[in-house]
Each structure stands twice: as C-alpha cells, then as structure tokens.
Amino acid sequence: MKATYREALNQALREEMRRDDRIFLIGEDVAYYQGAFKVSKGFLEEFGPRRVVDTPITESGFTGLAIGAAMTGLHPVVEVMTFNFAILAMDQIVNNAAKIRYMSGGQISVPLVIRGPGSSAHQLGAQHSQSLEAWFCHVPGLKVVAPATPYDAKGLLKSAIRDENPIIFIEAQLLYPTQGEIGEGDYTIPLGVAEVKRPGTDVTLIAYSKMLLVALEAAEKLAQEGIQAEVVDPRTLRPLDLTTLAASAKKTGKVVIVEEGWPVAGLGAQIAESLYRTVFDYLDGPIIRVTGRDVPMPYARNLENAAIPEVNQVVAAVHQVLYRN
Amino acid sequence: MKATYREALNQALREEMRRDDRIFLIGEDVAYYQGAFKVSKGFLEEFGPRRVVDTPITESGFTGLAIGAAMTGLHPVVEVMTFNFAILAMDQIVNNAAKIRYMSGGQISVPLVIRGPGSSAHQLGAQHSQSLEAWFCHVPGLKVVAPATPYDAKGLLKSAIRDENPIIFIEAQLLYPTQGEIGEGDYTIPLGVAEVKRPGTDVTLIAYSKMLLVALEAAEKLAQEGIQAEVVDPRTLRPLDLTTLAASAKKTGKVVIVEEGWPVAGLGAQIAESLYRTVFDYLDGPIIRVTGRDVPMPYARNLENAAIPEVNQVVAAVHQVLYRN
Amino acid sequence: MDRARLLHLYTQMLLIRRFEERSAEMYALGKIGGFCHLYIGEEAVAVGAVDVLRPDDYVFSAYRDHGHCLARGSDPKRVMAELFGRSGGLCKGKGGSMHLIDVERRFMGGYAIVGGHMPLAAGAAFAVKYRGGDQVVLCFFGEGAVPSGACHETLNLAALWGLPVLFLCENNRYGMGTPVERAVALYTDVAQSATAHGIEAGRVDGMDVLAVREAVSKAVDEIRTRQRPYFLETLTYRFLGHSMADPAHGHYRTKSEVEEAKKRDPLLLLRTRLLAERQANNEDFKRIEQEVAQIIREAVEFADASPIPPETALEEDVYTSAEKGASHGKEAWPGRLGEGGCDSDRGGRVQ
Amino acid sequence: MDRARLLHLYTQMLLIRRFEERSAEMYALGKIGGFCHLYIGEEAVAVGAVDVLRPDDYVFSAYRDHGHCLARGSDPKRVMAELFGRSGGLCKGKGGSMHLIDVERRFMGGYAIVGGHMPLAAGAAFAVKYRGGDQVVLCFFGEGAVPSGACHETLNLAALWGLPVLFLCENNRYGMGTPVERAVALYTDVAQSATAHGIEAGRVDGMDVLAVREAVSKAVDEIRTRQRPYFLETLTYRFLGHSMADPAHGHYRTKSEVEEAKKRDPLLLLRTRLLAERQANNEDFKRIEQEVAQIIREAVEFADASPIPPETALEEDVYTSAEKGASHGKEAWPGRLGEGGCDSDRGGRVQ
Ligand SMILES: Cc1ncc(C[n+]2csc(CCOP(=O)(O)OP(=O)(O)O)c2C)c(N)n1
Ligand SMILES: Cc1ncc(C[n+]2csc(CCOP(=O)(O)OP(=O)(O)O)c2C)c(N)n1
Ligand SMILES: [Mg+2]
Ligand SMILES: [Mg+2]
C-alpha cells in the first residue's frame with residue numbers, strides 16, 4: 001500500500017496507541033488542531049483528550065512532565081512542533097531523560113519518544129531552520145532516529161515507541177508529503193540498523209533524512225555517467241550501524257557523506273572519523289563531506305538554496321573522490 | 001609574575017572593567033558571594049552592584065537579558081556558575097546571541113562573553129559533569145575558547161572581552177587553583193591561534209583545557225622512552241587554527257587527540273576529520289582519540305576516574321599509533 | 001486629541017491593513033515565502049502603543065511583526081522588500097517576515113521563538129538604566145507566551161531590578177489553534193502572571209486605538225518617571241488564520257465567532273467615531289485610502305525591483321571583525337575552521 | 001496526636017540530624033566526595049511533610065535530599081553507602097549525594113538542576129491521574145527555584161490540568177549566597193507565584209514539625225480528594241553552609257543571624273514541648289539518642305564495608321534492553337557506535 005510519510009507516522013502512532021493504553025501523545029496543537037503538520041489527524045476523535053493532550057507553549061515544562069510520566073509507568077510520545085523548540089527542553093532531555101536510568105543505578109527507565117520535524121523547510125529563517133542531530137547524538141542515554149522514507153518512518157517509529165529508552169525521532173517538514181510503499185499492517189524496523197538504499201561499487205554515499213533523497217538523485221545522475229554509487233542510509237543515528245557503513249566503505253574505498261546540518265562538529269564528522277578509524281587502509285583518499293553552509297539559515301530563497309546541499313554538489317563531491325589530483 | 005588560573009581570570013576581567021565602563025559582570029553569586037569559585041573576588045568592592053550583578057537562578061532570563069544589553073551597547077560578561085546550567089540558556093545563546101547579527105543583515109552585533117567552568121570536577125555526578133564544547137562549536141555565530149594555562153586564560157579572556165562577537169569561554173574547576181607564569185600587565189592572545197606547548201617530532205598530541213595537562217604529563221613519560229611527542233593546544237576551539245594543527249600532523253604523521261567529553265560527535269571527531277581531509281597523505285595510520293567514556297558521569301570515585309582520560313591511556317594511544325600491528 | 005493626530009492614527013492602521021492584505025496576495029503569488037503571520041484585526045494595538053513612544057525608545061516584537069514595524073515608521077518599501085527576500089530589505093533579505101529589524105528606528109525585531117525575545121527587551125531596559133537614560137522599552141508578545149519560562153524569568157528580573165519595560169500582551173484569544181483557556185490556567189486574568197512578580201498591570205480594549213493609546217501613554221509615563229516595569233493586557237483578535245498556512249477559522253474557532261469579532265474592526269470603530277464626532281468626513285477617508293494605496297503600490301514596485309541578494313551575502317554578517325583594543329587575529333586565516341573558512345566552503349560547495 | 005507518633009517524629013528528625021553530622025565528618029575524611037548539601041536545621045519540614053504520605057505516594061526532591069530520603073524511610077545504611085560511592089548504595093554508587101533515588105519507597109530523587117525536577121513531579125501526578133489513581137506527589141524545592149522558568153511552566157501545567165501535586169517550598173531565606181530579597185521580586189510572598197497560576201497556597205512555620213505536619217495533611221487531603229495542586233511555603237533555615245564547601249556564614253549572612261535562628265532549632269522546639277506537656281521525659285530522649293546513634297554507627301559500618309563498584313558497572317544502566325513487542329536489535333552489535341560499543345571503549349581505554 002502506498003502512503004505519505006505523514007500517513008505512515010500517523011498509522012504507526014495510531015496502531016501503537018490502540019495496542020497499549022500507556023501510550024499518549026502530548027504537544028502543542030496535537031489534539032484539536034490535529035498537529036501543526038497534521039501528523040495526528042483524527043487522533044482526538046479516536047483517543048479523546050485523555051490520550052491526545054494539547055499543551056501551552058512550555059516545551060521545558062511539558063517535556064519534563066512527559067519524562068516524569070515515563071518514569072512512573074506511562075509511555076509518552078512528545079510532539080515538538082519543530083525541533084527548534086526542543087532547544088528549550090534541552091536540560092530536561094539531557095540531564096533528566098538521558099541520565100535518570102544511570103543515576104538511579106538502573107532503578108528507573110524513561111520510555112519516551114520525542115518526535116517532530118527537524119532541519120529546514122522553505123524560507124523559515126534562521127530560528128526555524130536548523131539540524132541539531134549532532135547535539136543529540138553526543139549524549140549517552142539517548143537514541144536518535146531519522147527516517148527518510150514512509151516505510152522506514154512507520155517501522156522505526158513503532159520500534160521507537162516499543163523501546164524502553166528515551167528516543168529522539170527526527171522527521172522533516174519537506175518529507176511529510178512524500179509518497180512511498182509501506183506494505184500492510186504491523187511491522188517494525190530495528191533501531192541501529194542501516195540500509196543500503198541503492199547498491200553500487202564505485203563510491204559510497206552516506207545520507208539520512210531529507211538528504212537521502214538528494215543522494216539518491218545524485219546516484220541516478222552518476223549512473224548516467226557510468227558511476228555506480230552505493231547509497232547507504234544509517235536511519236538510526238545513535239546507535240550508528242558502523243558495521244554496514246564500514247562494509248560499504250571497504251568495498252568502494254571512496255566515501256561522500258551528505259548532511260544538511262552545519263559543518264563544524266556535525267554528525268558527518270563523527271561518521272567520517274569512525275570510518276577512517278575502522279577502514280583507513282581501504283580508503284583511496286579523504287572522505288568528503290557535503291554539508292549545509294556554516295551560517296545561520298538566511299531567509300532569501302536564493303541564499304537558502306545556496307546554504308543547503310543539492311544534487312550537483314554531491315555529484316561534484318563524487319567526482320572529487322573519484323578523480324583526485 | 002606567577003598566578004593561579006583563577007587569579008589570571010580575575011586580573012583580566014578586572015583590568016578590562018577598569019578600561020571600559022560598558023563591561024559588567026552578571027551571574028549567580030558573582031557579587032556578594034564573590035563568585036561560586038571566587039573568580040570575581042573583590043569585584044563588588046571595586047566596581048559596586050551596578051557593574052557586578054547577582055542574579056536569581058534563571059539562566060535563560062539573565063543570559064537573554066545580557067544579550068539584549070549587548071545589542072544596545074553594553075559589553076556583558078555572563079558568568080554561568082557552571083556550563084551545565086548554560087543548557088537552560090541554550091535557546092538564548094543559539095537562537096539569539098549567535099544569529100541576531102546575521103538575521104539583522106549586520107545591523108546589530110552581540111559583544112558578549114559567557115564564561116564559567118565546564119567539564120567535570122571531583123565526583124559532582126551526572127548532572128554536574130559534562131563537556132559540551134562540541135555543541136557550541138557546532139553553531140555559526142559563536143566563538144569558543146578553552147584556555148588551559150593561567151597565561152592563556154588571561155590573554156584570551158581579554159581578547160574575548162574585546163571581541164564584538166558572542167564568545168563561549170570555557171574554564172575548568174580543577175584548573176582554577178593551578179599555578180603559572182603570566183608576566184606583567186596588559187597583554188592579549190589572539191583568538192583562533194593554537195600553540196605548540198611542547199615541541200616534538202614523533203607524534204602529535206592535540207589537547208585543550210584540562211586535558212592539556214594530561215597530554216603534557218604523557219609527553220613527559222613518553223620522553224623517558226625516547227618518544228618525542230609534540231603537544232599542540234588549539235586554545236580556541238572555534239574558529240579552530242587548523243593551519244597549526246595540520247603543520248604538526250604533517251610533520252609527525254601520527255596524531256592522538258585527547259578530549260574529556262563524550263566520544264560520539266565530540267569535538268575530537270571534527271578535529272580528526274579536518275586533519276584527515278587536509279593531511280591525509282601524510283598520515284601513517286588512523287588518528288586515535290582518547291575521550292571520556294560514553295556514559296553519564298558516575299559519582300563513585302573509581303568509576304569517575306575510569307570515565308575520564310588519564311595519562312596512561314594517552315601513552316597507550318601513542319604506542320598504538322607508533323607501533324601499528 | 002487634535003484632528004491631525006486622529007487621522008494619523010487612522011492612516012497608520014489603514015497602512016498596516018492594506019500592507020497585510022497585499023502581503024497575502026504576494027504570498028499567494030509565491031513572492032513571499034516561509035511562515036507569514038498577518039496582523040489584520042490587531043492594528044489598533046501596535047498603532048496606539050507605538051504612537052506614544054519617543055524616537056529613542058526601543059521596540060521588541062515576536063514573529064507577527066509587520067504591524068509593529070510599520071507603526072514604528074519603517075519604510076514600507078524596505079519592509080516589503082524584506083518579505084520578498086531582496087537585498088533592499090531591512091535586513092538585506094536575510095531576516096524575512098518573522099525577523100524584521102530596523103535599528104535606525106530602534107525597532108529591535110522580530111523574533112520567532114515564543115517568549116524568547118522577552119529577556120532581550122529586559123536587557124535593553126537594563127542598558128538604559130545602566131547608562132542612566134530615560135528611554136522606555138516596549139515589548140509586544142502574545143498571550144501564548146505568558147506561561148513560558150522565558151516570560152516569567154523576565155518579569156521577575158524586570159521587577160527585581162526596576163527595569164523600564166512595558167510588557168504589552170496582545171491577547172487575541174488564541175495561540176495558533178489553542179484558545180487561552182487551554183493554555184493559561186488563570187486565563188480570566190493573564191496579568192496575574194505579572195502581579196505575581198510585583199508588577200503593576202492593567203487591561204484595555206485592544207480594538208479601540210484611542211483607549212490603547214491612552215493606557216499606554218499612562219503606563220509609559222509611569223515607567224519613564226518611576227523606573228519600573230508595567231504589564232498591559234490588550235484584548236484583541238486576529239481576523240485571519242494564524243499564518244498564511246492556516247485557514248481563517250479551522251477546527252478551533254467558528255466562522256460566526258470571527259464574524260462577530262469583525263464587527264469591532266479597529267478601523268471601523270475609529271472611522272465611525274470620527275464621522276460621528278464630525279472630525280472627519282468621507283472625503284478625508286477617500287483621500288487617506290488613496291494615499292495608502294499609493295504607498296503600498298510603491299512598496300511592491302520597490303520590492304519587485306530590488307535585486308535578490310548576491311551569493312557573497314551568504315557568508316557575510318556571521319561575525320563582525322570590528323573590535324576595540326588591540327588587533328587579535330580577526331583577519332580571515334587560511335584553514336580557519338568555523339569562521340566561514342575552507343571547511344564551510346568545502347561543506348557548502350564542492351568543485 | 002498519640003505519644004508514639006510524637007516520639008517517632010522526634011526520632012526521625014534526630015536521625016536526620018545525626019546522619020548529617022556524621023556525613024560532615026565523613027566528608028572531612030574524604031569518604032564522601034563531590035558537592036554535599038546538608039539538611040541540618042530543616043529537619044521538621046521533611047519529617048512533618050513525609051509523615052503524612054501513604055507508601056504509594058511519590059516524593060521528589062532537589063540536591064539537598066538526604067533528609068527527604070531518610071524521612072521517607074530509606075535504609076540509612078544504603079544512603080550512607082551511596083554517599084560513599086559504594087555498590088551497596090541506593091543507586092549502586094552511581095548517583096551520589098545529590099541523586100539519592102529509592103524507587104521501592106517511591107522516592108524518585110534527588111536532582112541537581114535547580115527547578116529541573118519540578119516538571120518530573122508534575123509528570124508523576126499526570127500519570128496518577130491518567131490511571132485514575134488517588135496518589136499524591138510531594139515535590140520539595142527551595143525558594144531559589146521559585147523564579148525559574150521550569151517552576152512557573154510546571155505550576156501552570158499542574159493548575160491547568162488539575163494535577164495532584166503538593167509543591168512544598170523550603171524557604172530557608174538563601175539560595176547559596178543570595179538572600180530571597182535579591183532573587184524573588186515579591187520575596188515577601190513567594191506563594192504569589194502559585195496563586196498567579198490559580199493554585200491555592202499557604203504558609204507555615206517550618207521549624208515546628210507539628211505545624212508542618214498539620215498543614216501538609218490538610219493540603220494532601222485536599223489534593224487527594226479534589227484532584228488539584230497546592231503550594232505550601234515553609235519558613236525554615238539552614239544552620240550550616242550551602243554545601244560542605246561553604247562556611248556556615250560567609251559574606252552573605254552574619255554569625256548572629258545564624259545563632260538567632262538556632263534558637264528555634266526544630267529538635268529543640270519539639271523536645272521542649274514534649275517535656276512541658278509531659279509526653280516524654282529525659283529518659284525517653286536518652287533512649288532515642290542511643291537508638292539513633294546505633295543506626296548511624298551501623299550505617300557507617302555498612303558503607304565502609306560495602307565494596308566499591310566494579311569497573312563493569314561503568315557502562316551498565318546507560319540503556320535498558322528491556323522492551324515490549326518484537327525484538328529489534330537491542331543486542332550489543334559489533335561496531336555499534338554510541339551504544340557503549342567499540343567507539344566508547346576506544347575512547348575510554350586504549351590497549
Ligand atoms: C518556543 C516555541 N514553541 C512553539 C512555537 C510555534 N508557534 C509559533 S506561533 C505559536 C502560537 C503563539 O501564540 P501567541 O503567543 O498568542 O501569539 P499570536 O500568534 O496569537 O500572535 C506557536 C505555538 C514557537 N514559535 N516557539
Ligand atoms: C539551574 C541551576 N543553576 C545554578 C545551580 C547552582 N546552585 C546549586 S544550589 C543553588 C542555590 C539553590 O537555592 P535554593 O533553591 O533556595 O535551595 P537551598 O540550597 O536553599 O536548599 C544554586 C544556585 C544549579 N544547581 N542549577
Ligand atoms: Mg495569541
Ligand atoms: Mg534556599
């Protein structure tokens with residue numbers, strides 16, 4: 001069955017909530033408004049205000065509240081309207097959600113999913129366009145998931161909800177309307193398992209979330225030049241499935257990493273460093289990162305486009321790793 | 001003249017405040033209490049409550065207030081009692097301080113220093129022991145400084161205060177009592193310039209803040225084995241002086257990076273990735289990172305010691321890069 | 001109040017109304033992008049409040065900021081050009097609808113994190129007091145921001161230190177799709193959030209520009225002379241959707257509620273009053289309508305003609321190299337990671 | 001109240017007093033590390049409040065938590081072992097003084113970010129209400145937390161949703177070196193911060209354990225039956241420094257102020273009263289003193305004998321592999337970066 005990324009998330013959440021009364025959805029405008037991006041369409045009608053909870057604009061308060069509920073037996077799914085606002089809940093996420101299990105010597109777990117769109121959309125400006133996955137991946141105690149396709153979105157969200165750890169689940173506004181095959185009914189995709197989205201032999205393209213689509217398009221272009229790019233999507237960013245990424249890098253000896261976020265201390269730096277460490281002797285040359293520009297996101301369309309990685313940049317990067325000097 | 005790291009900071013701040021009335025110190029217990037770690041000893045007496053301002057425990061509020069004061073002509077120095085609490089001000093730092101200049105098209109600058117101790121001390125537990133420099137370095141619009149010696153602390157704090165950009169200035173509780181030569185009177189050290197702290201030829205050790213002392217001790221041990229390690233301290237973490245780091249890496253062909261923070265997406269990953277990209281062909285093998293363990297900081301002394309990089313780990317890492325297989 | 005001033009207030013409100021109507025059209029045409037929050041229905045608040053200020057006072061706003069910016073006297077041409085993302089815009093096209101900033105007029109922006117700009121306003125007031133000045137800071141925010149931590153931390157600091165800020169709450173009954181009753185526990189009296197911090201507070205009809213002006217001028221005098229904050233709740237209503245992406249009335253409010261509110265359209269109220277009091281006649285209004293139409297037309301023409309920002313603008317304005325004191329390496333170094341140096345180039349462009 | 005109960009309250013307070021005195025000694029000996037915040041002077045608050053609760057109610061505290069934890073009935077042996085950082089501690093030595101947690105007694109911790117635990121308490125209350133239970137959540141916090149955003153966001157949510165939480169403010173007049181007058185604008189009535197959110201509030205003498213007990217039991221009954229929050233301010237005083245690193249009276253308060261406060265030592269007050277009312281005699285107090293001394297002795301012995309945590313404990317308890325539903329790769333993968341896998345090993349140990 002075909003569905004949009006948005007519908008896939010809606011289905012996953014709906015099916016899990018039907019399965020388990022401990023699961024509830026909490027966030028700004030998730031109930032009566034059906035979600036700022038309509039991911040929770042129909043939820044209020046089906047589950048009622050007890051399990052679909054609108055909140056005031058107090059990210060720190062309601063995220064912390066959800067953590068407390070998770071500590072005492074519920075399974076909250078927190079919708080942050082966008083991940084830009086999760087910055088306000090960072091202390092709750094890092095100092096409480098991620099650490100309580102450890103600090104308590106394993107007495108308490110925090111089964112919690114914090115989900116919503118990350119990265120940029122179109123011209124939302126500097127305060128509403130950022131990719132902070134590197135921040136979350138830095139923190140032990142958290143798991144970080146960033147699906148790119150409707151199929152992965154559904155299977156990974158179910159796994160995230162069934163996981164007993166705090167999970168950061170990063171979606172993307174521009175992915176919500178994208179279509180894809182999601183099969184029928186209940187299935188899960190294990191966290192921490194990457195997938196080769198397109199097999200190839202000449203170069204490895206690593207990309208996640210929105211950037212997977214850019215990488216796949218680039219691979220298509222490259223194929224026309226006779227370059228077979230292997231496109232690998234980690235899907236889960238923490239824990240990272242280094243085994244799969246390394247296998248591909250070992251095979252091709254050439255790696256390009258595509259990420260939308262800022263370059264300095266971005267997640268791509270860690271992926272690259274891990275690959276260098278594991279398959280150094282198999283690499284023909286340095287890994288190239290194609291990243292967002294090292295600037296706050298500008299509003300003007302032309303500048304924003306210049307700030308976000310695009311297909312031709314990925315193609316150029318592949319040429320660079322293939323034909324050094 | 002000899003001084004402690006604490007006294008060096010006190011001098012730098014005092015001299016700059018004498019020089020420029022626009023500079024004021026604001027934070028929790030900086031005035032009557034003289035600073036939680038006594039960095040502002042004597043300030044209330046000399047500058048009075050107008051320029052030495054105690055705040056309620058509202059990091060987001062007073063950091064944002066300082067940003068607003070900076071936007072309108074003052075030069076605030078914000079003391080966060082520790083950088084753990086800066087997490088509560090993250091939205092103000094990232095969405096306002098770092099972006100206002102850009103969003104305004106250059107109309108407004110935010111001359112601001114946010115300073116205080118980062119990283120762990122002794123057994124402060126999970127919520128009070130973390131190194132978040134990677135988060136700050138990720139953000140364009142910010143500069144990040146992390147001095148390791150009294151001399152650097154004084155010269156860099158003066159430069160930070162004279163800079164017109166928002167600066168994150170990371171100190172360390174365990175460095176405050178350390179002694180060092182700081183010369184006489186007024187001097188500044190440019191931001192963005194690394195320093196070779198110990199020349200060597202066999203291997204490059206890159207370390208900053210507290211970890212510089214660990215690296216230097218390791219270099220001493222290694223010297224007894226006849227291994228000449230070159231120890232380089234970036235001092236400023238953003239912008240990073242890649243030129244100096246790369247020169248050393250190129251010379252030795254072997255690199256070990258020591259950082260106290262969490263391994264995943266830590267700053268060391270970025271430093272390594274930048275070096276691989278710039279001097280790949282000169283590296284004899286993979287760079288090794290010695291980092292803090294990938295866990296929240298445990299309280300028990302033996303576990304905490306095991307979680308923080310120590311001299312023998314650095315020595316072992318050097319052996320590993322020198323004698324691969 | 002003299003006739004000229006009354007007509008000026010009307011003209012300002014009409015300017016905002018027509019500007020926003022045209023913005024909606026331009027958004028539909030794709031000339032304006034991103035999130036665009038219109039001020040239609042709330043004009044009396046911005047116009048009545050800002051009219052009281054001195055040029056050296058400061059104004060801070062959230063993301064629904066077109067009205068505040070225009071009321072403060074920013075050039076409609078440059079405002080429209082900013083919405084178009086052109087280099088002639090107030091922020092060279094880098095800010096956009098949610099981040100209008102015009103320092104010359106001490107309009108300090110334009111912020112998109114709910115509640116996030118309130119500490120900044122307190123900071124400007126702190127600087128005023130620090131310098132011994134007598135300027136006032138006017139801070140606009142929606143009722144949706146009232147429960148936020150940033151709001152309460154700011155109110156406490158402003159009260160504690162006697163900062164000259166007017167906290168002006170635009171209570172338009174909704175935060176996106178959430179009515180104030182489901183956002184603020186004490187929704188019947190949001191000003192309690194201020195009195196809890198010892199801040200004097202008041203409430204006024206936000207559809208009546210003259211009432212707003214009077215309440216604000218009382219408050220501002222008080223703030224200027226007594227050096228302490230004041231909290232004013234204005235009861236207003238947004239006639240359109242939350243943003244251009246949102247229908248005028250979604251699941252969360254009824255068409256009839258909106259129609260009911262429109263009967264107290266701030267422009268209609270003032271116009272009726274001026275006619276009744278014989279302070280103005282239909283001729284006057286026709287003339288004003290024409291003048292405003294002309295301004296809007298020119299604004300759109302200017303915006304259309306203004307060039308898009310050059311690619312070089314992308315990496316400008318991240319850092320300033322301006323500095324006091326000794327030079328210390330602000331020059332662009334080769335291989336300076338994270339200063340728009342090679343890394344970000346490599347990151348952004350590859351060839 | 002019957003004699004047994006009264007003596008129980010006295011015993012509890014004495015237990016905390018002696019435990020803290022011994023903790024100070026152990027800290028001086030280097031057996032306890034980190035930040036250690038003692039509760040001496042404030043015993044009546046924890047003891048009076050917790051005595052009212054049912055075993056299935058929840059308790060949350062900040063970092064000055066020894067007293068709350070002991071009052072809740074946690075084993076002094078395991079509390080002392082936690083302070084020693086031993087595997088016999090409540091949290092296997094991983095939490096420490098600021099993070100005492102005892103889930104069996106529903107003592108949920110022990111948090112070191114001022115105000116940061118308040119939303120958690122509201123969350124526990126949310127879960128109670130969600131399940132239709134009638135438990136109450138008791139949340140302790142200092143007056144220093146009152147102006148924090150986390151506090152206000154929590155108060156608003158608790159009021160808005162009618163959550164069964166007792167917000168118990170321990171107003172000991174200082175937040176570290178900052179007196180409440182310089183931290184809370186409306187310092188004369190910090191409870192206003194709650195009434196601003198529509199929460200009923202009260203104040204009680206925090207040195208009088210019986211007064212505290214009575215006020216809390218009224219509040220708790222109200223909360224349990226009416227399903228809504230309550231805010232209680234207790235006026236108390238800390239006799240020692242903020243933490244072991246801080247002198248009893250620094251620049252920020254005078255020796256005489258401290259001496260004055262000690263005249264209303266909660267133990268002294270109750271003891272005097274019991275003697276006056278002939279509810280107890282010196283024999284009773286001598287016996288209690290001996291019993292408590294014995295408990296403390298055994299606690300220290302237990303802590304001393306308890307082994308330090310094994311190195312293997314370092315990477316345990318970061319994640320749980322427990323899960324409902326289908327298995328999905330929670331096994332430790334080779335090369336799984338960021339799951340305590342090879343990377344962190346490489347990071348932490350190198351050989
Ligand atoms: C911290 C934060 N959370 C969520 C949002 C998303 N958001 C944008 S506007 C808005 C509603 C704000 O309502 P109000 O403050 O009443 O202003 P109004 O739109 O009514 O003028 C929300 C939830 C945001 N911008 N910032
Ligand atoms: C968010 C945050 N900021 C600063 C600190 C440092 N700090 C620890 S305790 C304390 C004072 C708290 O005072 P209060 O809430 O009154 O509790 P008390 O110590 O009096 O029991 C401060 C500022 C902290 N732990 N958390
Ligand atoms: Mg509103
Ligand atoms: Mg206190």
Side-chain angles (χ1 to χ4, degrees), chain B residues 28-29 31-34 36 44 49 54-61 81 84-85 87-88 121-129 256 259 261-266 268 288-304 306-309 312-320, chain D residues 32-35 63 82 84-87 89 91-99 111-116 142 144-150 175-179 182-185 246 250-252 308-309 311 313-318 337-341 343-351:
Chain B
E28 289 153 11
D29 287 311
Y32 292 85
Y33 198 78
Q34 320 258 317
L44 180 62
D54 280 334
T55 68
I57 306 167
T58 51
E59 281 77 7
S60 162
M81 200 175 274
N84 302 288
F85 316 136
I87 300 176
L88 289 150
H122 290 310
Q123 293 189 266
L124 302 188
Q127 294 187 327
H128 275 54
S129 312
V256 170
E259 68 199 297
W262 292 313
V264 182
I288 290 187
R289 292 171 60 201
V290 179
T291 75
R293 291 292 279 273
D294 197 19
V295 302
M297 191 62 77
Y299 166 77
R301 185 175 303 143
N302 66 314
L303 294 182
E304 184 183 47
I308 299 170
N312 58 34
Q313 286 169 356
V314 178
V315 170
V318 168
H319 288 159
Q320 193 174 329
Chain D
I32 299 175
F35 291 145
Y63 49 84
E82 187 60 33
F84 276 38
R86 304 301 177 90
S87 41
C91 307
K92 306 183 202 162
K94 287 174 154 184
S97 166
M98 302 199 289
H99 304 299
Y111 297 92
I113 304 299
V114 169
V146 170
S148 73
M176 245 171 119
T178 304
R182 288 195 287 106
V184 181
D246 182 40
H251 302 271
Y252 63 88
I308 63 170
E311 256 248 23
L314 182 60
E315 290 195 337
E316 288 164 3
D317 304 322
V318 179
L337 175 64
E339 214 179 43
D343 257 60
S344 58
D345 277 7
R346 188 240 335 150
R349 306 190 218 87
V350 191
Q351 57 269 356

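Just so it is clear, the model here is predicted, and its values are computed rather than measured. A note on names: the letters A, B, ... follow the listed sequences, proteins ahead of strands, and every chain is numbered from 1. Heavy-atom basis, side chains included; hydrogens, waters and symmetry copies ignored.
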Apply side chain to side chain contact (heavy atoms under 4.5 Å, CB included) to residues B:Gln127 and D:Tyr111 and explain how you reach the verdict.
CA-CA 8 Å; B:Gln127 294 187 327; D:Tyr111 297 92; 3.9 Å; yes
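- Ranked by heavy-atom pairs shorter than 4.5 Å toward chain D, the options B:Val295, B:Asn84, B:Thr58 are led by B:Val295.
- Defined by atom type and a distance below 3.5 Å, a donor-acceptor pair is present between the side-chain atoms of D:Asp246 and B:Tyr33.
- B:Tyr299 places a side-chain N or O within donor-acceptor distance of the main-chain N or O of D:Gly33, the cut-off being under 3.5 Å.
- Contacts between B:Gln34 and chain D at a heavy-atom distance below 4.5 Å involve the side chain alone, from C-beta outward.
- Annotation: maximal heavy-atom pairing with chain B below 4.5 Å, among D:Ala145, D:Ala150, D:Gly95, D:Gly149, occurs at D:Gly95.
- Chain D forms more heavy-atom pairs under 4.5 Å with one residue of B:Asp29, B:Leu124, B:Thr55 than with any other, namely B:Asp29.
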Assess whether side chain to side chain contact (heavy atoms under 4.5 Å, CB included) is satisfied between B:Tyr32 and D:Thr178, documenting all intermediate values.
CA-CA 8 Å; B:Tyr32 292 85; D:Thr178 304; over 6 Å; no
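- Of the two parts of B:His128, only the side chain, counted from C-beta on, holds a non-hydrogen atom closer than 4.5 Å to a non-hydrogen atom of chain D.
- Residues B:Arg293 and D:Glu315 have side chains in contact (heavy-atom distance under 4.5 Å, counting atoms from C-beta outward).
- D:Tyr252 touches chain B through its side chain: at least one heavy atom from C-beta onward sits under 4.5 Å away, while N, CA, C and O do not.
- When each of D:Ser148, D:Pro309, D:Ala183, D:Gly85 is scored by its heavy-atom pairs under 4.5 Å with chain B, the top score falls to D:Pro309.
- Contacts between B:Ile87 and chain D at a heavy-atom distance below 4.5 Å are absent for every atom of the residue.
- Here the side chains of D:Val184 and B:Pro56 are not in contact, with every heavy-atom distance at 4.5 Å or above.
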Using the rule given for side chain to side chain contact (heavy atoms under 4.5 Å, CB included), can you reason through B:Leu88 versus D:Ile113, listing the C-alpha separation, both sets of side-chain angles and the distance that settles it, and then say yes or no?
CA-CA 10 Å; B:Leu88 289 150; D:Ile113 304 299; 3.9 Å; yes
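- Here the closest non-hydrogen pair linking D:Leu314 and B:Leu303 is CD1-O, 3.7 Å.
- With rounding to the nearest 0.5 Å, the separation of CZ in D:Arg86 from CZ in B:Arg301 is 9.0 Å.
- Smallest separation of non-hydrogen atoms from B:Pro296 and D:Val318: CD-CG2, 4.1 Å.
- Put simply, of D:Ala112, D:Gly175, D:Pro147, the one with the most heavy-atom pairs under 4.5 Å next to chain B is D:Ala112.
- Looking at B:Asn302, the atoms closer than 4.5 Å to chain D (heavy atoms on both sides) all sit in the side chain, from C-beta outward.
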